[in-house]
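Working notes, structure below.
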Protein chains: 2
Amino acid sequence: MSSRPQAAEEPGEPSGAGFSRITKESLSDRAYLEIRTALMRSRLRPGQKLQLRPLSAELGLSATPVREALLRLVSEQALELDERGTAVVPRLDRARLLEVRDLRAELEGKSTARAAEIADPAEIARLEEIHAGIPEALAEERFQRAVELNERFHLELCAMARLPILYQFVTSLWLRCGPILSHLYDDGVMEWDVHPHVRIIEALHRRDPEAARTAMRQDIIQGGSGLLRYVDEAAPS
Amino acid sequence: MSSRPQAAEEPGEPSGAGFSRITKESLSDRAYLEIRTALMRSRLRPGQKLQLRPLSAELGLSATPVREALLRLVSEQALELDERGTAVVPRLDRARLLEVRDLRAELEGKSTARAAEIADPAEIARLEEIHAGIPEALAEERFQRAVELNERFHLELCAMARLPILYQFVTSLWLRCGPILSHLYDDGVMEWDVHPHVRIIEALHRRDPEAARTAMRQDIIQGGSGLLRYVDEAAPS
DNA sequence: TGCAGTTACTTGTTATAACAAACTACAGAT
DNA sequence: ATCTGTAGTTTGTTATAACAAGTAACTGCA
């Protein structure tokens with residue numbers, strides 16, 4: 001079976017000689033990345049069915065790797081199976097969104113605290129760079145760009161904690177929200193006196209885990225309110 | 001694609017008329033359960049390779065559903081893929097075991113606190129019954145039995161919180177430890193004045209989330225020390 | 001016109017064949 | 001005896017066919 005990167009954009013592991021090992025990506029992995037990206041970019045709507053043969057035709061692959069990719073996403077809870085076994089983009093109700101939010105607060109809080117203990121200056125600079133793009137994108141009303149940068153900020157920060165299991169949990173939580181992330185700024189952009197990302201970055205510089213944790217939790221609980229409103233409005237009466 | 005139960009032993013969802021919906025289990029699901037059980041019963045050793053064709057022959061199935069089952073377990077991080085794409089039972093080093101332990105403390109602590117808020121007396125009675133079997137099994141030196149009852153106690157308690165995403169994370173953490181769980185009592189049985197399970201049950205009765213959380217964390221941190229010793233002893237020098 | 005039964009079509013699951021890459025065993029050269 | 005090259009075998013991945021179950025369309029009857 002094919003090797004599988006921990007994160008989609010992660011380069012191959014360096015071999016002893018300083019070269020990345022050249023890995024041939026399987027068709028199954030390619031299908032997985034395509035579908036996952038479509039989920040994260042909100043190109044797939046909650047409730048949408050992903051039928052095997054039409055999807056395979058669309059991706060230009062045979063059914064086998066596409067089915068494997070779908071089943072993988074089902075295992076990661078990014079997709080569900082209906083009674084017939086068809087992959088469906090899950091609907092996220094209020095209870096589930098709150099659970100996702102609380103688990104993110106817990107887990108990303110923990111990873112951010114850990115990152116504050118061990119982060120190096122280059123990593124922090126990288127975060128600063130990513131964050132700098134967010135207010136820019138928002139000012140230009142490029143909301144999709146802002147959503148992507150926000151996601152990148154969170155996942156790179158999480159990776160800095162070097163807790164791979166926790167990272168996997170966090171990415172799967174993000175993946176669950178992928179189809180509705182585009183609605184984050186539907187009701188407008190939240191006004192912060194100091195953006196929690198900035199507080200996080202300061203706490204990283206100061207090696208202050210508790211301040212980092214608190215700022216992350218604030219970002220998640222308050223910053224995610226747009227999604228909660230969207231889910232409430234989308235709910236059947 | 002086949003429907004998939006949330007937990008392996010969970011009965012089908014009741015239909016309106018009070019009957020369980022009869023679901024035909026797919027071969028892929030059957031293979032998954034077989035392999036997962038083998039992992040949880042420590043019948044598969046860390047480092048062991050699971051080759052597709054021999055395993056399919058052993059299970060009496062064709063390669064396709066077996067491959068799907070293996071890939072599903074890889075997605076759940078219960079198995080890994082080596083360079084060739086062969087499924088391997090992962091080795092658990094100290095850092096990973098500590099991460100598992102800390103995440104369990106965090107997540108099971110949270111679910112236990114939640115359960116203390118909402119558990120009903122029948123559920124608590126069920127936990128009491130499960131727990132009662134543990135000291136019995138240990139007294140009779142049936143350690144495998146004790147390990148299974150302990151696992152059941154934890155997972156049923158976690159399910160009582162009615163937080164399905166958290167439950168999925170917790171079961172995947174348990175699955176990671178499956179192959180080494182049998183070593184829990186290698187160095188002897190831990191002596192408690194009051195077993196943390198008993199404290200948990202009391203806290204559930206009293207609807208005291210913080211006491212429940214604390215007892216669960218104690219159980220996990222201190223009760224899991226046998227596994228930590230095993231992993232340290234198994235580590236290459 | 002509405003309903004029940006039948007037929008045709010679609011869809012997910014599984015089996016099996018084929019292919020490429022990796023591995024193993026063996027023979028020959030040094 | 002050791003190393004290299006070659007042939008044979010194994011293994012994971014993919015393609016494709018087949019099957020059973022589900023769905024849609026059509027027909028006949030009240």
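A note on names: the letters A, B, ... follow the listed sequences, proteins ahead of strands, and every chain is numbered from 1.
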In whole angstrom, give the distance that lies between atom [atom1] of [X] and atom [atom2] of [N].
X        : N       : atom1 : atom2 : answer
Leu70(A) : dT11(C) : CG    : P     : 14 Å
Leu61(B) : dT14(C) : CG    : C1'   : 10 Å
Leu81(A) : dG22(D) : CG    : C1'   : 16 Å
Arg84(B) : dT24(C) : CZ    : C1'   : 11 Å
Leu52(A) : dA20(D) : CG    : C1'   : 16 Å
Leu55(B) : dT10(D) : CG    : C1'   : 16 Å
Gln51(B) : dA22(C) : CD    : C1'   : 12 Å
Leu27(A) : dC19(C) : CG    : P     : 16 Å

Item to check | Proximity to the side chain of Thr86(B) - top-ranked nucleotide from dT14(C), dT11(D), dT14(D) | outcome: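 Among dT14(C), dT11(D), dT14(D), the one nearest the side chain of Thr86(B) is dT11(D).
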Checklist entry - Aromatic rings His183(B) and Tyr230(B): how do their planes relate, parallel, tilted or perpendicular, breaks at 30° and 60°? => result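 His183(B) and Tyr230(B): parallel rings.
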Item to check | Distance-only side-chain donor-acceptor flag, Glu76(B) / Tyr32(B), under 3.5 Å | outcome: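 Present: a donor and an acceptor within the cut-off.
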Checklist entry - Will you find, in the side chains of His131(A) and Asn150(A), an N or O donor that is under 3.5 Å from an N or O acceptor? => result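 His131(A) vs Asn150(A): no donor-acceptor pair found between side chains.
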Checklist entry - If every non-hydrogen atom of Arg72(B) is compared with every non-hydrogen atom of Ser75(A), which pair is closest and at what distance? => result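 Smallest interatomic distance, heavy atoms only, reads CG-OG, 3.3 Å.
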Checklist entry - Looking only at heavy atoms, which two atoms of Met160(B) and Ile118(B) are closest? And how far apart? => result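 Heavy atoms only, the tightest pair is O-CD1, 3.4 Å.
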Checklist entry - Would you call Glu123(A) and Arg126(A) a salt bridge, taking side-chain N to carboxylate O under 4.0 Å as the test? => result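 So Glu123(A) does not pair with Arg126(A) through a salt bridge.
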Between N or O atoms, less than 3.5 Å apart, protein on one side and nucleotides 16-18 of chain D on the other: list the pairs.
unit_1: dT16(D); atom_1: O4; unit_2: Thr64(A); atom_2: OG1; d: 3.3
unit_1: dA18(D); atom_1: N6; unit_2: Arg53(A); atom_2: NH2; d: 3.3

